[in-house]
Amino acid sequence: MRIADGARSDVGRGRPENEDSFLVDPEHHLYAVADGMGGHRAGEVASATAIETLMAAYLGGQRVDEAVEAANAAVFAKAAENAAMRGMGTTLTAIAVQDGKAVVGHVGDSRAYLMRDGTVTQVTDDHSLVEQLVREGRLSPEEAQNHPQRAIITRALGIDADVDVDTFRVDLRPGDRLLICSDGLTNMLSDDTIAQTLRRHADPQQAADTLVDMANQAGGDDNITVILLDALSDGGERAAMTAAEPEAEPSLENSGAAPLDEDTEARPGGRGFRSLVLWGLPILAVVGIAIGAVGWYARRTYYVGLSGDRVTLFKGVPGGLLGWEPTVDHETDLTAADLTEAARADLESGHRFASRSDANDFLERLQEAHEALGGSTTTTTTAVPGEPPPLGETPASTEPTR
Ligand code: MN
């Protein structure tokens, strides 16, 4: 099986910098999109670090999910070492194609889609608050499409020392087409529009270019990155060549035989970085201290608010701060209905705390007050499928800025 690819990354119309990074490595059949966050410099560092580490780990013989874990560790370590990058994070959606199978490793809200026989389906699940509410039946997909809290993600690389990596496997057939993209595409274009465009353009590069152009025409609010992979059957001659050259497609087990070292760039046509496209590396050295300080502040504070109707502890600042979006620390069993009116009003704008333990003390007092009023825990799971909570009950939020 041969893979034809097309790719494009664009800053879009709403952002000064491109914080997305991507990888197209046709030699090793490794492809990935990373969407960085954490201030306009640290976001680029996070996504570029994730892509670099993913590639090195995969070529070093690790499985895709292990390589994504390695990328997490690298971003987390870099954030911990450098005050200016504290709190940075990134999504990562990676696909390795081998022996006719596409293995997907995924964290965050970038996406992979599969088009087969003209039908387009989303392979990955978004790790975002809004998509979680949809899966739980608390929001409809229509409400999710333009939800003000779309940008809050519940899982990312670089936030914790460990990360849960989703993996998916697609047994490819000739004619299949895979799309990997950042949310700058999917927040601008509906799934239907994306599907139509994928059907209309047979050439993968032309399809990638068209998708990016259309996302820009729709507003281009965010950075847009698109990778297209077409699974093609080998022609007779081509098949014979492949059979004679088993090394043409490195396997997960043996691809790491040669370590990544200085020799890699020297070898013509070898395991070089020629196909590695990174954004933002030149600015690694000029990360602003002020931006780091804001990020440090935004990431180390907590607030208690409502996600849907559920009382939730968030890490960050309500509504985000200069691109530092809050993330969910954990949801409690309490719902808005369990609160007094005053407490509800307090949480709707987000009650802030300097530390996690202060916030947890507050949550304990809320729980005690609820129990003292005769509330029982059986009243806490009142979400009725098909009757999602009104959007107005979610915490105040500014426009998504990630
Ligand atoms: Mn994005």
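Along the sequence shown, the residues carry numbers beginning at 1. Each ligand, and each atom within it, is numbered from 1 in the order the structure gives.
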> What do you reckon, is CG of D171 surrounded by more than 12 foreign heavy atoms closer than 6.0 Å?
Replying inline: yes
> Is a side-chain N or O of H127 found less than 3.5 angstrom from the main chain of A156, in a donor-acceptor match?
Replying inline: no
>> Donor-acceptor check, side chain of N223 to backbone of V11, threshold 3.5 angstrom: yes or no?
In response: yes
>> Side chains of S182 and D35: any donor to acceptor distance under 3.5 Å?
In response: no
>> When you measure from the Mn ion (ligand 1) to the N, O or S atoms of D35, does any of those distances fall below 2.8 Å?
In response: yes
> Is there an N/O/S atom in D20 that lies less than 2.8 Å from the Mn ion (ligand 1)?
Replying inline: no
> Which atom, counting only N, O or S, brings D222 closest to the Mn ion (ligand 1)?
Replying inline: OD2
> For D183, what is the atom name of its N, O or S atom nearest to the Mn ion (ligand 1)?
Replying inline: OD1
